[in-house]
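To keep things clear, I will list the structure first and then write my remarks on it.
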Amino acid sequence: MIRTILAIIVKEFQQFKRDPKMFGIILIAPVVQLIFLGYAATLDLKFIRLAIFDQDNSRQSRELVKELEAGEIFIVEKYLSSYSELEENMQSGRILVSVVIPDDYEKKLLRRETANLQLIVNGSDGNAASIATGYLSKFLSMYSQKYTIHLFEESGMRPPPIGTIIAEPRVWFNPLLVTRVYMVPSIVGLLLSIITLILTALAIVKEKEIGTYEQIIVTPIKPYQLILGKLIPFIILAYAAALIGLAAMWIVFGIPVKGSFSFLLISSFFYILSTLGLGLFVSTISKTQQQAMMIAIFAVLLPMVYLSGFAFPLDNAPLFVQIVSYFIPLTYFFVVIRGVILQGNGFIELWDEALIMLLMGVLILLASAIRFRKKLD
Amino acid sequence: MPDNINAIEVLNLTKRFGNFVSVDDISFSVVRGSIFGFLGANGAGKSTTIKMLTGLLNPTSGDAVVAGYSIKKNPEKVKSSIGYMSQKFSLYNDLTVKENITFFGRVYGLDEKSLQRRMLDAVKIAHLEGNEDRLTGSLPGGIKQRLALATAVLHNPGIVFLDEPTSGVDPIARRGFWDLIHELSDKGITIFVTTHYLEEAEYCHNIILLDAGKIIAQGSPKSLKADYLKFPILSIETDNLISAMQVLGADLNVKDISVFGNAVHLITSMKENNESYFSELLQSNSVLVRHIKSVEPTLEDVFIYLLEHKN
C-alpha cells in the first residue's frame with residue numbers, strides 16, 4: 001500500500017527531473033517574485049513634487065518658497081505663471097501638489113491678518129494625496145509658528161510661555177513604516193498557494209490529457225493512494241519554495257522570522273491542506289491543462305488573494321467582504337505569517353487561526369477526494 | 001480465475017450518454033485463451049464497451065463478468081486481473097523504459113524480485129535489450145506499442161484488452177505486433193482487441209461486428225464468410241471504373257458492387273458461367289475488361305455487404 005504511494009512519488013520526481021524548466025521555475029520564482037513585489041509593492045512616498053504659482057511675488061512669498069525647497073521632502077519642479085499652465089502641469093501627472101500664493105499674501109501678513117494659501121492636490125492616487133497634504137500641513141503649521149515667534153522677537157516682546165501637547169509615536173514591528181515589510185512575508189503565502197493549487201491541478205489534468213490517467217485508473221491503485229502519491233511531491237516542492245522564499249526575504253530585505261519557526265512550518269502544512277484540496281477539485285472539473293489553469297487562477301487564486309487582505313487591509317472593507325474573508329483559509333494564513341515573522345508570535349497567540357486552517361483544510365481535501373473518483377465519466 | 005470456459009461474459013450491456021445510446025443492449029461471450037476481435041467504424045461503440053469491461057466506465061444497464069468478477073459489483077477485482085492498453089499511447093514519454101516498467105510493476109503490486117524477472121521479459125518482448133535507459137518518447141512507434149503491450153501484461157493477467165493497438169503503426173510493425181498477440185494467446189492469455197483495420201480481423205479466432213452500438217454479425221472469420229456471403233465474388237479490373245459500376249449496377253444478376261483499389265468487387269446471384277457473362281456484358285457496353293476472376297471473399301467483402309444490407 002505504502003509501496004504504491006512511494007512508486008507514484010518516485011515517478012513524479014523522475015518526471016520533475018526530466019523537466020528542468022519547471023524545476024527552475026519552482027526554485028527561482030520565489031526569489032524573483034519576492035524581489036519584484038518587495039520593491040514594486042510599496043505605498044511609501046519618498047518625496048513630493050510641487051509646482052508653485054506665486055501671484056504675490058513678494059519678499060514674504062519668496063521666503064516661504066525658499067523654506068519649502070530647503071527640506072528633503074519637497075521638490076519644486078515648476079514655477080507657474082497662470083492657472084492654465086497649472087492645469088496643464090497637473091494634468092500631465094508629474095506634479096502631485098500645486099501651491100498657489102495669492103497676490104495679497106504679504107499684504108495680509110503685514111496687516112497681521114491670516115493669509116491663505118491654496119493647495120491643489122492630484123487625488124488620483126488617494127493615498128499619495130493624503131500623505132502629501134499631511135506633510136504640507138505639518139510644514140505650514142511649523143512655518144507659521146516660526147513666523148509668529150519671529151514677529152514677537154521683532155517687536156521686542158517675549159513670547160508668552162505656552163504649554164503644548166505633543167504625541168511621541170513609537171512604531172512597533174515595522175518601526176520605519178515601510179510597506180514592504182508588511183507585504184513581503186505574505187509572498188510566502190502566495191508561493192505556497194500557487195505551487196499546491198495550480199501545479200497540483202495541472203499535474204493531474206496533464207495525465208488526463210496525454211492519456212496516462214486512463215492507464216493508471218485501470219490498475220488496482222486505490223483512489224487515496226493515487227491522491228497521496230500525486231499530492232506529496234507538491235507538498236515537498238511547496239516547502240522547498242517557502243524555505244527559499246524565507247531565506248531570500250532575510251538576505252535581500254533583512255526581514256528575519258522573529259517568532260516560532262516550527263509553528264510557521266506546521267501552520268503552513270495546515271494551510272496547504274486546503275489549497276491541495278482545491279487543486280484536486282479543479283482537476284476533477286477540468287479536461288485540459290488550459291482549463292485547469294484558467295479555473296485555478298481566475299476562479300480560485302485571484303478571488304482568494306483579493307479577499308484575504310493581501311492587497312487591501314480588511315478592516316476598512318464592507319461588511320459583506322469581511323464576512324466572505326472569514327471563509328477563506330488564506331486570510332488566516334496571512335495573519336499567521338505576519339504574526340510569526342513580524343510580531344514574533346507563535347502557538348500561544350495564533351493557535352486559533354491554525355486550528356481554523358486545519359479544519360478548513362481537512363474539510364476541503366475530504367470533499368475533493370470524494371469527488372475524485374477512479375472513473376472516466 | 002474461477003473455472004469457466006469463458007473469460008468474458010457480457011449480458012445486455014448498455015451505455016447511454018444523455019439521449020445518445022453508445023452501446024445498445026449487447027450480449028456475447030469470449031472463450032478463454034482466444035483472440036477476440038471487436039470491429040466497427042469509429043463511433044460504433046467499441047471503445048465505450050472496452051471501457052465498461054475494464055471498469056473505467058459504469059454501464060447504464062446490464063452487466064458483464066470479466067475474469068470471474070462482475071464489472072458492476074467488483075470493478076477493482078476486475079482491474080487487478082486484467083491488462084489494458086488504451087487507444088492513446090499510455091506510457092510516460094518522459095520516463096525511461098526501465099522507469100515505466102518499474103512504475104507499472106509496482107502499481108500492480110509485483111515484489112522487487114519478480115519485478116526484475118518480468119522486466120527482462122518485457123524488455124525482450126519490446127526488442128529493447130540494452131536500451132533500458134532510453135527515454136520512452138524517443139522510441140519508434142512500433143517499438144512503443146510493443147513496450148506498451150509488454151507493460152500491460154507485466155502482472156500476468158488472464159485477459160488483456162487492447163484498444164486500437166495498431167493505429168498509426170506501419171504495416172511491417174503491425175504484422176510483428178500481431179505475431180506478438182498470437183504468442184501471448186498461445187500462453188493462454190485471452191486477448192480482446194478492437195481495430196478498424198478489417199484485414200487484421202483475419203488474425204482473430206472470433207469476431208463481433210458492431211454498428212451504431214448493436215452487434216450485427218459474429219463468428220469466426222471462416223464462418224462469417226460462409227454464413228453471410230453465400231454468393232460468388234468476382235474481381236474485375238478495368239480502365240473505366242465509373243462506367244463499369246454503372247453498367248453492372250443496372251444488371252439484375254448483381255447483388256452488390258464495391259470498389260477495391262483499382263478493381264471492382266462484384267457479388268452475384270449467378271452461380272454458373274458468371275465470368276463470361278459479365279465479361280461479355282461489359283464488352284458489349286464498350287468497357288474494356290483487363291482481367292476478371294472469381295475470388296475468395298475477404299472479411300472486408302463480408303462487412304461491406306453486411307453494413308449495406310443491415311436493414
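Lettering follows sequence order; numbering is per chain, from 1. No hydrogens, no waters, no symmetry mates; every other heavy atom, side chains included, goes into these values.
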Give, as side chain, backbone, both or neither, the part of [X] having an atom under 4.5 angstrom from any heavy atom of chain A.
X	value
B:Thr96	both
B:Leu91	backbone
B:Asp111	backbone

* Interface residue of largest heavy-atom contact number with chain A, from B:Thr102, B:Thr151, B:Leu95, under 4.5 Å -> B:Leu95

Tell me if the centroids of the rings in [X] and [Y] come within less than 6.0 Å of each other.
X	Y	result
B:Phe192	B:Phe161	yes
A:Phe234	A:Phe16	yes
B:Phe28	B:Phe36	yes

* **Sidechain N-carboxylate O distance under 4.0 Å for B:Lys124, B:Asp121** =>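 Not counted as a salt bridge, because no side-chain N and carboxylate O are separated by less than 4.0 Å.
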
* Could you verify whether a donor N or O on one side chain and an acceptor N or O on the other, from B:Thr194 and B:Asp163, lie under 3.5 Å apart? => yes

* Is the closest side-chain donor-acceptor distance between B:Tyr92 and B:Glu99 under 3.5 Å? ->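 Not at all, the side chains of B:Tyr92 and B:Glu99 share no donor-acceptor pair under 3.5 Å.
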
* With a 4.5 angstrom heavy-atom cut-off, which part of A:Ile5 approaches chain B: side chain, backbone, both or neither? ->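 The answer is neither part of A:Ile5.
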
* Would you mind checking which part of A:Glu207 comes under 4.5 Å of any heavy atom in chain B, side chain (CB onward), backbone (N, CA, C, O), both or neither? =>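 It is the side chain, since no backbone atom gets that close.
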
* To do: Measure the shortest side-chain to side-chain distance between A:Met357 and A:Ser274 over non-hydrogen atoms and say whether it is less than 4.5 angstrom.
  => no

* Members of residues 136-145 of chain B whose heavy atoms come closer than 4.5 Å to chain A -> none

* Asked: When rounded to the nearest 0.5 angstrom, what distance separates CD1 in B:Ile215 from CG in B:Asp25?
  -> 9.0 Å

* Quick one: CG on A:Leu197 to CG on A:Leu280, what's the gap to the nearest 0.5 Å? -> 11.0 Å

